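First up is the structure itself, then whatever we jot down about it.
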Amino acid sequence: MTTDPGPARPPRISKSKFLSGLQCEKRLYLELHAPHLATAPDDRQQSMFDMGQEIGILAHRRFPGGVLVAETHRHVSVALEKTAALMADPLVPAIFEGALQYDGVLIRVDVLERAGPSWRLIEVKASARVRAVHLDDLAVQTYVLRGAGFDPAGSFLMHINRHYAYPGGDPEPVQLFLIDDCTEAVGERLPGIPARLERMRSVLAGGRAPEIEPDSHCHSPHACRFWAHCTASKPARWIYYLPGAGNVARRLRQQGIDTIDAIPPQTPLTHAQRRVRDNVEWISPRLAEKLQAVRYPVHHLDFETVMSAVPLYAGTRPYQPLPMQWSNHTETADGALRHTARLCLSPQDPREEIAVSVLESVGEEGSICVYSDSEAHILKSLADAIPRLRNDLLRVVRRLWDLLPVLQSHYYHPDFQGSFSLKSVLPALAPSLDYGDLEIRDGATASMIYRTMLAETDWVERQRMAGALDAYCARDTLGMVELRRTLLRKARSAAS
Ligand code: SF4
C-alpha cells in the first residue's frame with residue numbers, strides 16, 4: 001500500500017533568500033533549486049564575508065551579558081527552542097543570532113536587545129551607511145518577529161562609524177558603531193511583505209526558473225553569482241557591453257537589437273560608444289605629441305593600499321585607504337629600465353615608511369607616469385598625515401603625468417571592449433604582461449592578502465604572500481612602461 005504524500009510543503013524561505021528574491025526572482029529560484037550553477041565566491045567576496053563576521057563579533061561587545069545562539073542552520077529546531085527560552089528569561093539582556101520563524105520564513109537576528117517588556121531588533125552591517133537593502137532586511141525580520149508574537153520596540157541598523165578615530169588597542173564598540181533608528185522606514189515596507197512572499201512561493205513552485213534577462217539589476221545591491229550561467233549564451237559583442245550606456249543599451253534591446261554590431265548607424269552615441277561600435281583600431285594624429293610630453297627619466301609609479309572596516313593602526317579611521325606598497329619602473333632616455341619597490345612588512349602604520357622610500361625612489365627629476373588619479377590622492381593624503389614631508393610629497397604630485405586620459409582620448413583597440421582599465425588594456429597591447437599568471441589580480445585582493453599576511457605566523461606562507469604582492473604591484477608599473485612604448489611605436493608608424 002502506498003501513502004499519498006499530499007501536496008509538497010513550500011520550501012522555507014530564509015531572510016537571505018527573501019532578499020535574493022527581491023533582487024531577482026530567477027536568482028531566488030536558482031539558489032533554492034540549482035545552487036550548483038552559481039560561481040564559487042572569489043577571494044574578494046570571501047574577504048567581505050570574513051570582514052562581516054569580524055564586525056558581527058565586535059558588535060556583540062556593545063551588549064554586555066548578551067547570549068549567543070550558536071546552533072547553525074543544521075540545527076534549526078534547537079536554535080528556535082533555545083531562542084524562545086532566552087527570550088522568556090528576564091535576566092537575559094540581549095540575544096545574538098536568535099532564531100525565529102513565522103509564515104514559512106526563518107530569520108537569525110544579529111542582536112535582540114531587551115527593552116523593558118519588548119525587544120529592539122538590531123541588524124549589524126560592515127557598511128558605513130544605511131542602504132535600501134538594509135531596510136528590506138529589517139522589514140522581513142520585523143515581520144517575522146511580529147508574527148511570532150513579539151512586537152519589537154523598534155528596528156535599528158548598527159553600522160560602521162566612518163569618523164571613528166581609532167586610538168589603538170581594542171576598538172571601542174560604542175564609538176566604532178553607529179545605531180540608526182530605521183523603525184519608520186521599515187514600517188512603510190511591512191504591508192508589502194505578505195504579497196511578496198506569496199509571489200516568491202509561486203515562483204519557487206513554478207517548476208522552472210522564470211525568464212529574466214540579465215541586466216544592471218544583477219549587480220545591485222549584490223553581485224549575483226549566477227551571472228556566468230545567465231549570460232553563457234550571449235554573443236561576444238552583446239549590447240550590454242556597450243560602455244556607459246545602461247539606458248541606450250536598454251532602449252536598443254527594446255528595439256530587438258542584441259549585439260553592438262547591429263546598432264543602426266544613425267543612433268546617437270558618445271565618442272567612446274562609437275569607438276566600441278566601429279570596432280577598429282583608432283590612432284589620433286596627436287597621440288605621439290601627447291606621449292612625448294614626458295621628461296626623462298620617466299618613473300612609472302603605482303601604490304597599493306590596505307583598507308579595513310576595523311582600523312588597523314592608531315590614528316586612522318574605518319575604511320581609510322592606507323598605502324602599504326609601491327612599485328616604480330624608471331626608464332632613462334636611452335631605454336634602460338630600473339625597478340625599485342617597497343612592501344611594508346612591519347605591523348606598524350606603513351605610511352611613514354612608504355612616504356620616505358617613495359620620495360627616495362622618484363628623486364627630483366623626471367615625469368612620474370601613473371594610470372588614474374589615485375596616486376595623486378594617495379600622495380596628498382600622505383602629505384596631510386606627515387607634515388615634515390608635506391612639501392616634498394606635494395612636489396611629487398606636481399610631476400605626475402597620467403597616461404589614462406591620454407589613452408582614452410587618443411587611442412582605441414577593439415580588444416579593449418570599451419574598457420580602459422589596465423586589466424583590459426594590457427592583454428590587448430602587451431599580451432605577455434596580462435595578469436593570468438598572477439595569484440593577485442586586483443587591488444581588493446591585494447588589500448585582503450596584505451591583512452592576512454600581517455596576521456600570518458608561518459614564515460614560509462608570509463614570504464609567499466609578500467612575493468604575490470610584489471609581483472602584482474610590479475606588473476602594473478611594468479605594464480605602464482610597455483604601454484607607453486607600444487603606443488609610441490604605433491603613433492610613429494601611423495604618422496610615417
Ligand atoms: S544573473 Fe541576473 S538574471 Fe541571472 S539570476 Fe542573477 S540577478 Fe537574475
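Just follow the structure's listing: the first ligand is 1, and inside any ligand the first atom is 1. For reference, positions follow the sequence shown, starting with 1. Every heavy atom of this structure was used, including side-chain atoms; hydrogens, water molecules and symmetry mates were not. The model shown is predicted, which means the values in this text are computed figures rather than measured ones.
- Here Cys224 fails the criterion, with no N, O or S atom under 2.8 Å of atom 8 (Fe) of ligand 1.
- For residue Cys230, an N/O/S atom approaches atom 4 (Fe) of ligand 1 to within less than 2.8 Å.
- Under a 4.0 Å criterion applied to the non-hydrogen atoms of Cys24, ligand 1 contributes the atoms 3 (S), 5 (S), 7 (S), 8 (Fe).
- Just one residue in the list Leu404, Asp302, Leu422, Leu403 forms a side-chain contact (heavy atoms from CB on, under 4.5 Å) with Ser372, and that residue is Leu404.
- The shell of residues lying under 4.0 angstrom from ligand 1, judged by heavy atoms, excludes His229.
- Judged by a 6.0 Å distance limit and a 45° cone about the ring axis, Arg120 is positioned over the six-membered ring of Phe156.
- The one candidate from Arg199, Lys17, Arg196 that meets the salt bridge (charged side-chain N to carboxylate O under 4.0 Å, His left out) condition with Glu25 is Arg199.
- Using a 4.0 Å cut-off between heavy atoms, Cys218 contacts ligand 1 through both its backbone and its side chain.
- We find the NE2-OG distance between His413 and Ser424 to be 12.5 Å, quoted to the nearest 0.5 Å.
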Exercise for review: Test ring pair (Phe, Tyr, Trp, His ring centres under 6.0 Å) on Trp227 and His219 and set out the steps.
Suggested key: CA-CA 9 Å; Trp227 176 258; His219 310 292; 4.5 Å; yes
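- Taking a cut-off of under 4.0 Å to the non-hydrogen atoms of His217, the atoms of ligand 1 that pass are 2 (Fe), 3 (S), 7 (S), 8 (Fe).
- Near Trp227, the atoms of ligand 1 lying under 4.0 angstrom from a non-hydrogen atom of the residue are 1 (S).
- Cation-pi geometry between Lys423 and Tyr435 is met: the NZ or CZ atom falls under 6.0 Å from the ring centre, inside 45° of the normal.
- Contacts between Gln23 and ligand 1 below 4.0 angstrom, taking non-hydrogen atoms only, are absent altogether.
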